[in-house]
Amino acid sequence: MDKNLIIPRQSRPSMAIPSHIGTQFELFPKSTKPIVSFTERNDSKLTDIRLNYICKNGPLSEAISVIDSIAHRGSKVRPSTYINLLESCIETGCVEVGRELHARIGLVKEVDCFVQTKVVSMYAKCGYLDDARKMFDEMRERNLFTWSAMIGACSRDKRWREVVDLFFNMMEAGVFPDDFLLPKILQACGNCGDFEAGKLIHSLLIRCGMNCSLRINNSILTMYAKGGKLDMAKRLFDNMDKRDRVTWNAIISGYCQKGEIELARKYFDTMHEEGIEARLRTWNILIASYSHLGHCDVAMDLMRKMESFGITPDVFTWTSIISGFAQNSRTIEALVLLGEMLLAGIEPTGITITSAASACASLKSLNTGVEIHSVAVKMGFVDHMPVGNSLIDMYCKCGELETAQSVFDMMLEKDIYTWNSMIGGYCQAGYCGKAHELFMKMQDSNVPPNIITWNAMISGYIKNGDEDQAMDLFQRIEKDSKIKRNTASWNSLISGYLQFGQTDKALGIFRQMQSFHVRPNSVTMLSLLPACANLVSGKKVREIHGCALRRNLLSERAVANSLIDTYAKTGNIMYPRAIFDGMSSKDIITWNSLIAGYVLHGCSESALSLFDQMRKFGPRPSRGTFASIIYAYSLVGMVDEGMHAFSSIVEHYQIRPGLEHYSAVTDLLGRSGRLVEAMEFIENMPVEPDSSIWAALLTACRIHKNYGLAIYAGERLLDLEPKNFLIHKLLLQMYALFGKSEDPLKLRKHEKENTMVKPLEECWMEFENMVYTFVVSDRSKPCSDKLLSWIQRIAIDVKRPDPESGIWIEEEDKEDVSGVHCEKWAFAFALIDSRSSPQSIRIVKNLRMCRDCHRTAKYISKAYGCEIYLSGSNCFHRGANYFHHFKHGHCSCQDYW
DNA sequence: GGAACTACGT
C-alpha cells in the first residue's frame with residue numbers, strides 16, 4: 001500500500017499537480033490508436049476496460065465522463081474501478097479528478113468503506129491533509145485501514161499530537177492497531193513528548209502478550225531512547241529475548257543523544273559479541289556524536305577505522321565530520337575535508353554545503369566561500385533554504401553585502417534565518433537604515449521577527465552610537481511583542497556601553513539583568529572582564545568572578561582564561577594561580593596568561609619556572625609565550641638567556657619573530673645598559689621598528705643617561721606618534737639635560753602644527769568600596785589642609801639621601817610651588833583620611849609617574865607597611881612593567897620605567 | 001528505527 005509515492009510534504013498547491021503531467025497524457029492517445037472504440041452499446045465490461053486504460057495512460061479527466069455515463073445508464077460503478085482511479089490520482093498527484101470522484105462516491109452507506117478510505121488516502125497523499133481529515137470525520141464506518149490511512153497521513157506530516165489523539169479515539173471505537181500501525185503511534189508518542197501515552201501502550205501490549213514482536217520492541221525502545229529515557233530503554237533492552245541491528249542502533253543513538261558517548265561506545269564495542277556487526281549506519285551514529293560533542297579527532301579516527309573494516313564512508317559520515325570541525329572552530333580542517341570528500345566522488349548534501357559555508361564565514365574566507373557557492377549552484381542547492389541562508393551569512397561576514405543581498409533577492413522562499421542573516425549583516429556593518437528597511441519588509445512578508453532579529457537591531461543601533469534607539473527597542477520588545485528578552489539582548493547593551501568606554505553603565509546593566517533574573521552567560525563575562533582590567537576594578541572583577549562561580553561559567557576555559565588575565569591586571573597574582581591550578585583543561589592562552597601575569601608583577605622566577613613546566617607538560621609555546629619570557633629574563637638581567645630564548649624562536653619553534661619580540665629584546669639589552677648593542681639590534685631588524693621599540697630604547701637611554709641616544713630614540717618616537725604629549729615632554733627634558741638649545745624650537749614648531757593639549761593629570765583609587773578621583777593640587781577633598789601638611793612632612797623624610805638612586809636627581813615633572821601630584825593626594829587620603837590603615841592602595845593614573853612620586857611611594861610602602869599598586873594608563877613604554885608594585889620600600893619595576 | 005546545517009551577543 002505504501003509505495004513511497006512522491007508526495008509533497010506540505011500542502012503546496014503549485015507542486016500538487018505537476019504541470020508536465022497534463023501534456024504528457026494528452027499527446028499519448030493521439031499517437032496511438034485506442035485499443036477499443038467506445039460506443040453506446042458497449043456493456044459494462046468494455047467500460048471497465050476503457051477505465052483501466054485511462055488509469056494506465058490517461059487522461060484521467062476523461063474518466064469522470066465515463067463514470068457519469070455509467071451512472072446515466074443506471075449501472076453501478078464497481079468499487080475496484082474507483083480504487084484504480086483513485087490510485088491513479090495519487091500517482092499523478094491529480095487532486096482535481098480525485099475531488100470529482102469523491103463527489104460521485106459520496107458518503108452513502110452502501111459504498112464500500114474501502115473506497116472511502118481510499119479517498120482519505122488520496123487527499124492525504126496529494127498533500128491535502130485537511131480534506132483527508134474532513135472526509136475521515138464524516139465517515140460513518142471506519143475499519144483498521146481507515147484509521148491507518150488517517151494516522152499514517154498525520155504521521156507523515158509530523159502531526160504527532162494528532163496521531164496520539166487519533167489512537168485514543170481508535171481504541172474507544174474498539175479498533176486495535178496492528179504491527180504496522182503501532183510503530184507509527186509509538187513514534188508519535190515519543191516525538192510529542194507524551195511518554196505517558198507511550199508507557200500506557202507499552203503496558204497494554206505486555207498485558208495482551210503482543211510484546212514479543214521484535215519490530216514493536218524496537219519501536220518502544222526507540223521511543224524511550226529518543227526521549228532521553230535511557231533507564232527505561234536500557235531495561236527494555238536487557239529484557240529483550242531477541243535483538244537485531246535496529247535494537248543496537250537505537251540504544252547506541254539514545255546514549256549518543258544524551259551525550260553519554262562513552263556508554264554508547266561500550267555498546268558499540270560489544271555488539272559484535274552478539275553476532276551483530278556494526279554497519280555503516282551504526283558507525284555514522286557514533287561518528288556524528290563524537291563530532292557533535294567536539295571530539296573531532298576521535299570522529300576522524302573512527303572514519304579511518306571503518307574504512308579499514310571495508311566500510312566506505314558515505315555522505316553522512318563526511319558531513320558529520322565536516323560540520324563537527326566547522327562548529328569547533330577548526331574551520332580549515334573542515335574545508336580540507338570537504339575537498340577530500342568531493343575528490344572521493346561523494347556528492348555533498350545541503351547540510352554539507354551549509355557547514356562549509358559557515359566555515360568560510362567564520363574564516364572570512366571569501367574566495368573559498370565563492371567556490372562553495374559555485375558548488376552549491378552546480379549541485380542544485382539554490383533552493384535549499386539553509387544553504388542560501390548560510391551563503392548570505394558568509395557574504396555578510398566577508399563584507400560582501402551586495403552579493404549577500406543578491407543571493408537574498410534570488411531566494412524564492414525566505415524564512416526567519418534568511419531575514420535575520422541579511423538584517424544582521426547590515427546591522428554589523430552599521431547600515432541601520434538598510435536593516436530597518438528590511439525589518440519592515442520582513443513583517444510585510446509575514447515572517448514575524450524573533451528575539452534574534454531584535455537583538456541584531458539593538459546591537460546595530462548601539463554600534464552606530466544610537467543609544468536611545470537601542471534602549472527604546474530594548475524596552476519595547478516585551479511590551480509590543482510576546483517575545484521575551486534573553487541574555488543576548490542584555491549582552492548587546494553591555495557591549496554597546498563598553499564600546500564607548502562606559503564601564504560603569506555596563507556594570508549597571510549587568511547588575512540589573514541579574515535582578516531581572518536573566519542569567520549572565522560566558523559572553524557577558526568575556527565582554528565585561530577586559531573592561532575591568534585595571535588596578536581600581538578589583539572589586540568589580542570579584543563580583544564577576546562570583547557570578548561566574550554561581551553560574552558554573554568558570555568551567556568554560558575562555559572565562560577562566562579571561563579571569564586569570566584580568567585579575568593579574570588588577571594587581572592580584574594569587575587568584576590567577578589558583579584559577580590556573582583548578583582548571584581541568586588548559587590551552588595555550590591559559591599558560592600564556594599566567595606567565596604574562598607573573599611578568600607583569602615582576603615575578604620573573606615564577607614566570608620562568610612556569611615556562612619550564614609548560615615545555616614539559618603543556619602546549620607548545622607560542623609567540624606570546626616568548627614575548628613574556630624575554631621580558632622575564634630582562635627583568636632579572638639574564639641577557640644571555642634572554643637572547644638564547646629569542647634565537648630559539650626561529651631555530652626551535654619555527655616562529656618568525658614579530659615586533660613584540662624585537663621590542664622585548666630591545667628592552668633586554670637596554671635595561672642592562674647595552675645601549676649600543678640595542679641600537680645595532682634595531683638597525684639590523686628585518687622589519688620597520690614601531691613606537692614600542694623606540695620607547696624601549698628611550699627608556700633605557702634615560703635610565704642609563706645616554707641623552708644623545710635618548711634624543712635620537714625620542715625623535716623617532718615623535719615621528720611615529722606626533723600627537724603624544726608624553727613623548728613631547730620627555731624629549732624636551734632630554735634636550736635640556738643634553739644642553740641643546742636649538743632643538744626645542746624645532747619641537748615647539750612641531751607642537752604648534754599638531755596643536756597638542758596637555759591632558760589634565762588625574763588618578764583614580766578604589767577605596768572602601770568607592771572609587772575616588774584626584775587631580776593635581778586637589779584641594780577639593782575634605783580636610784585637604786591636613787592632607788597637605790602630611791604630604792609636606794612626608795616630603796622632608798623622602799628627600800633624605802636615597803642610597804638607591806645615588807645623587808642623580810632628574811629634573812622631570814617638577815611639582816611647582818602650589819601643585820601637588822594627584823597620586824600624593826591619593827596616598828594622603830588613603831593613609832590619613834581613612835578610618836582604617838589600609839593593607840594596600842591601588843591607583844590608576846592617566847599619565848606617567850614622576851621620580852619624586854615614585855620615591856615617595858617607596859618610602860610610604862616601608863614606613864606604613866602598606867603595598868601600593870600604581871599604573872599609568874598612558875604608560876608609553878608597555879614593556880615588562882605595566883604597573884608599579886611598591887612593597888617594603890622597593891618597587892617591582894626596580895626603578896626602571 | 002532513520003541521522004545533521006544556517007541567524008543575535010566576545
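Looking at the side chain of Phe316(A), the nearest of the listed nucleotides dA7(B), dG1(B), dA4(B) is dA4(B). Side-chain proximity of Asn389(A) to dT6(B), dA7(B), dA4(B): nearest is dT6(B). The side chain of His292(A) lies closest to dC5(B) when the candidates are dG2(B), dC5(B), dT6(B). Side-chain proximity of Asn455(A) to the nucleotides dC5(B), dC8(B), dT10(B) is greatest for dC8(B). Set against dT10(B), dA4(B), dC8(B), the side chain of Leu526(A) has dT10(B) as its closest nucleotide. Considering only side-chain atoms of Ile351(A), the nucleotide from dG2(B), dT10(B), dC5(B) that sits closest is dC5(B). The listed nucleotides are dT10(B), dA7(B), dG1(B); the one nearest the side chain of Arg245(A) is dG1(B).
The phosphate of dT10(B) has neither OP1 nor OP2 within less than 4.0 Å of any side-chain N or O from Gln499(A). The phosphate of dG1(B) (OP1 or OP2) has a side-chain N or O of Ser219(A) nearer than 4.0 angstrom. Note on Lys414(A): every side-chain N or O is 4.0 Å or more away from OP1 and OP2 of dA7(B). Phosphate proximity of dG2(B) to Gln187(A): present, with a side-chain N or O under 4.0 Å from OP1 or OP2. Between Ser495(A) and dT10(B) there is a side-chain N or O to OP1 or OP2 distance below 4.0 Å.
Relative to the six-membered ring of Phe180(A), Arg215(A) meets both conditions, a distance below 6.0 Å and an angle of at most 45° to the axis.
In this structure, Asn521(A) reaches the bases: a heavy-atom distance under 4.0 Å links it to at least one base atom across the strands shown. Residue-level contact check: Asp393(A) touches the backbone only, with heavy atoms under 4.0 Å from sugar-phosphate atoms and none from bases. Backbone-only contact: Ser421(A) has heavy atoms under 4.0 Å from sugar-phosphate atoms and none from a base. Base contact: Asn450(A) has a heavy atom under 4.0 Å from a base atom. Residue-level contact check: Pro530(A) touches neither bases nor backbone, having no heavy atom under 4.0 Å from any strand.
Donor-acceptor pairing under 3.5 Å is recorded for the side chains of Asn420(A) and Asn450(A). Remark: the Tyr426(A) side chain and the His436(A) side chain contain no N/O donor-acceptor pair separated by less than 3.5 Å.
Taking 4.0 Å as the cut-off between side-chain N and carboxylate O, Arg245(A) and Glu277(A) do not count as a salt-bridged pair.
Put simply, CD1 on Ile483(A) is 14 Å from C1' on dA7(B), counting in whole angstrom units. In this structure, the OH atom of Tyr290(A) is 21 Å from the P atom of dA3(B), given to the nearest Å. Residue Ile285(A) contributes atom CD1, which lies 10 Å from atom P of dA3(B) at whole-angstrom precision. To the nearest angstrom, P of dG2(B) lies 11 Å from NZ of Lys184(A). To the nearest angstrom, C1' of dG1(B) lies 8 Å from CZ of Arg281(A). Between Met525(A) atom CE and dT10(B) atom P the separation is 15 Å, expressed in whole Å. Rounded to whole Å, atom C1' of dG2(B) lies 19 Å from atom CH2 of Trp283(A). When rounded to the nearest whole Å, the span between NZ of Lys484(A) and C1' of dC8(B) equals 18 Å.
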Q.
One pair to check against side chain to side chain donor-acceptor pair (under 3.5 Å): Tyr395(A) and Gln405(A). What are the steps and the verdict?
A. CA-CA 9 Å; Tyr395(A) 281 120; Gln405(A) 178 76 56; over 6 Å; no
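Under the 3.5 Å distance criterion, the side-chain polar atoms of Lys414(A) are matched with a main-chain donor or acceptor of Met411(A).
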